[in-house]
Amino acid sequence: MAEKNKFYITTPIYYVNASPHIGHSYTNIAADTLARHMRRVLGKENTWFLTGTDEHGQKIERAAEKQGLTPGQFVDRVVVQFRDLWDKLNISYNDFIRTTEDRHIKTVQRSLEILYKNGDIYEGKYEGWYCTPDETFWLESQAPDKLCPDCRRPLEEIKEINYFLNLQKYQSWLIEYIKNNPLFIRPENRRNEILSFLTLNKLSPLCISRPKERLSWGIPLSFSASHVTYVWFDALINYISAVGEFDANDKYHSRWWGEDSRVVHLIGKDILRHHAVYWPIMLKALGIRMPDTIFAHGWWMLGEGKMSKSRGNVVNPLDMVDKYGIDTYRYFLLREVPFGLDGNFSEDSIIKRFNADLANDLGNLIYRTLNMVEKYFQGKIPQHDIFSRRYDAAGEEIKNILDFPASQRASFSRDINSSLSAESDFNFSLAFESIWRRISMANKYIEESKPWNLAKENKIDELSAFLGLMIEVISQVGRQIESFMPYTADLIKEQLGEKEIKKGKPLFPRIENKETDT
RNA sequence: CGCGGGGUGGAGCAGUCUGGUAGCUCAUCAGGCUCAUAACCUGAAGGUCAGCCGUUCAAAUCGGCUCCCCGCAACCA
């Protein structure tokens with residue numbers, strides 16, 4: 001197998017029928033952290049991070065109508081909200097694809113043509129029950145009484161010509177593929193879920209078109225003037241339309257989708273089936289190799305249940321960022337819950353995390369250290385070769401962990417690398433744990449060394465060696481959190497300075513709980 | 001028998017695959033320290049690991065049954 005020295009990570013393209021919420025930001029923060037991390041490991045030029053927006057379909061057509069806009073005007077407005085949020089959250093995407101762009105439309109149409117030509121897509125009849133006022137299709141099993149489950153109005157039976165992708169043809173291949181590639185669908189329980197779904201059910205053909213008279217806001221099929229493309233087919237293609245194209249022989253080429261590239265799709269668990277069933281089959285039928293990993297993360301629960309627009313309990317990420325800061329928000333989402341599991345979101349939990357981890361552990365470590373440098377050395381960082389020096393047992397332990405020039409950069413974050421691998425399910429919270437072990441070790445070491453006594457006893461040499469070591473620890477911690485909390489990493493670098501520290505204010509001033517104490 | 005996840009000291013979780021001292025964070029209590037953001041360090045109390053039965057020298061961990069909670073069931077991350 002070719003060595004993977006490139007990394008291509010994607011988020012879903014978000015459906016822009018409403019403003020972004022915490023879930024959108026969760027996926028993008030996770031993807032951003034992985035992208036930043038891989039840029040450090042493989043180099044900037046070998047990492048590509050794609051996000052974007054899904055802009056076609058009925059819901060958007062209707063949302064636009066409600067506001068008296070054309071679909072085009074409507075999506076242009078909502079897209080801005082997404083872009084602004086990503087800027088605000090420091091999301092370092094390389095490319096932002098919109099499904100209304102030419103490059104995308106071209107590739108979708110081309111893909112459809114290829115599949116049509118190969119016979120994987122064929123014309124068929126679609127039968128179902130339709131609620132005209134709601135413009136929604138229902139299966140007979142969903143509406144046994146022939147009444148719309150939503151509005152209770154009578155349904156109308158519809159028969160129309162549509163185009164279908166033959167999924168069943170590839171079903172047994174897909175099962176085998178998933179079985180033979182343990183990293184293909186992660187985490188493990190999702191993989192099992194899909195496997196059991198595929199084993200127990202016969203896949204029915206996927207309808208990939210919609211008649212124009214019902215839906216005009218979509219990509220036209222080149223082989224049928226009266227149809228547009230079904231939104232999910234349209235959407236999934238973004239992963240390849242953004243980074244490559246088909247040649248005259250229907251072969252797909254991409255710098256980021258070659259054998260030397262690791263392709264990772266980050267998604268929420270709700271859209272797992274589209275990504276783990278439809279998408280692989282589409283790729284297979286198009287003669288394109290599989291992504292390496294499709295990872296489905298969990299949901300954030302809010303109070304009593306999952307958050308959703310219909311329940312009206314949506315948390316606006318912008319509010320959280322304004323209130324607690326970008327990196328606090330990033331830290332909380334990545335730290336609170338192992339990636340892949342569901343989590344509970346509450347401001348109380350944010351405050352708890354903030355005070356315990358950011359203010360007390362990290363913030364205070366930096367502040368107390370810098371304060372000593374200021375107090376004992378007038379802010380000048382002691383220029384000691386800390387590695388040539390001998391310390392007591394605790395100091396030696398810290399020094400060993402620093403592990404600095406001897407084994408070069410790579411070993412710096414060995415356990416971070418392994419925590420952030422697909423094999424470990426991109427375990428951000430585990431990575432944080434190992435960083436925080438260093439932080440708490442440093443706090444402990446200060447306690448044991450009692451630098452304030454060294455100062456009183458005028459043991460300047462020991463004191464400066466000690467502080468030199470502490471500065472090195474902090475600087476390393478700063479480098480280690482860089483992918484997770486880029487803004488804070490910058491601040492730390494600034495505070496540490498070259499030869500002289502700039503203490504400034506505490507990075508994370510404690511939040512005192514005024515209102516509620518439970 | 002639709003599918004899946006879960007029930008571990010007051011709270012939130014890890015540990016279960018590869019049986020063998022029940023671990024972490026927060027909260028509580030006591031002590032220490034004073035460089036620091038009432039922060040930091042040390043120690044303590046607190047759990048029959050949902051229940052029952054079984055396998056085993058040994059079960060939170062394997063098997064069976066029961067009870068309870070929560071998601072999903074095909075366009076909300």
Touch class at under 4.0 angstrom, heavy-atom based, for [X] against every strand present:
X	result
A:Asn192	nothing
A:Leu341	sugar-phosphate
A:Tyr278	base
A:Lys450	nothing
A:Pro509	base
A:Lys59	sugar-phosphate
A:Gly298	base
A:Asn443	sugar-phosphate
A:Leu266	nothing
A:Phe508	base

In this structure, is the centre-to-centre distance between the rings of [Y] and [X] below 6.0 Å?
X	Y	result
A:Phe345	A:Phe332	yes
A:Tyr278	A:Trp232	no
A:Tyr239	A:Trp279	yes
A:Phe295	A:Phe339	yes

Rounding to an integer number of Å, can you tell me how far [X] [atom1] sits from [N] [atom2]?
X	N	atom1	atom2	result
A:Glu193	B:G71	CD	P	15 Å
A:Asn238	B:A77	CG	P	13 Å
A:Trp86	B:A77	CH2	P	10 Å
A:Asp361	B:A38	CG	C1'	15 Å
A:Arg437	B:G23	CZ	C1'	13 Å
A:Leu454	B:C35	CG	C1'	11 Å
A:Arg335	B:U25	CZ	P	10 Å
A:Ile501	B:A36	CD1	P	13 Å

Are any of [X]'s side-chain N or O atoms less than 4.0 Å away from OP1 or OP2 of [N]?
X	N	answer
A:His274	B:C75	yes
A:Asn360	B:C40	yes
A:Lys444	B:U42	yes
A:Arg273	B:A74	no

Quote, to the nearest angstrom, the [atom1] distance that separates [N] from [M].
N	M	atom1	value
B:G46	B:A22	C1'	13 Å
B:G51	B:U42	P	34 Å
B:C17	B:A73	P	32 Å
B:G15	B:G32	P	38 Å
B:A77	B:C72	P	13 Å
B:U8	B:C68	C1'	16 Å
B:G9	B:G54	C1'	28 Å
B:A44	B:G23	P	12 Å

Pairing partner of [N] (Watson-Crick or G-U wobble, both distances under 3.5 Å):
N	value
B:A22	none
B:G43	B:C29
B:U16	none
B:C3	B:G71
B:A60	none
B:U55	none

Subject >> hbond_proxy A:Asn371 side chain to B:A36 base (donor-acceptor, 3.5 Å cutoff) >> reply: no

**OP:** Please state whether the base of B:G12 and the side chain of A:Glu336 form at least one donor-acceptor pair under 3.5 Å?
**Re:**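 By the distance-only test, no, there is no pair.
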
Original post:
Which word best sums up how the rings of A:Tyr14 and A:Phe82 line up, parallel for under 30°, tilted for 30 to 60°, or perpendicular for over 60°?
Top reply: parallel

**OP:** Before accepting this row, confirm whether a basic side-chain N of the pair A:Arg36/A:Asp32 lies closer than 4.0 Å to the acidic partner's carboxylate O.
**Re:** yes

Original post:
In terms of side-chain geometry, is the basic nitrogen of A:Lys444 or A:Glu447 positioned less than 4.0 Å from the acidic oxygen of its partner?
Top reply: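 A:Glu447 and A:Lys444: not salt-bridged.
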
**OP:** Answer with yes or no whether the side chains of A:Thr11 and A:Tyr93 bring together a donor and an acceptor at under 3.5 Å.
**Re:** no

Subject >> Listed nucleotide nearest any side-chain atom of A:Ser204, set B:U37, B:A74, B:G32 >> reply: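 Minimum distance to the A:Ser204 side chain belongs to B:A74.
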
Subject >> A:Glu433 CD to A:Arg335 CZ distance, which is reported to the nearest 0.5 Å >> reply: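 Atom-to-atom, A:Glu433:CD and A:Arg335:CZ are 4.5 Å apart.
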
Original post:
Taking the nucleotide of RNA chain B with the closest heavy atom to each, which residue, A:Lys269 or A:Thr27, is nearer the 5' end?
Top reply: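 Its nucleotide being nearer the 5' end, the pick is A:Lys269.
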
Original post:
Mapping A:Trp452 and A:Trp232 to their closest nucleotides on RNA chain B, which lands nearer the 5' end?
Top reply: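 On the 5' side of the pair lies A:Trp452.
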
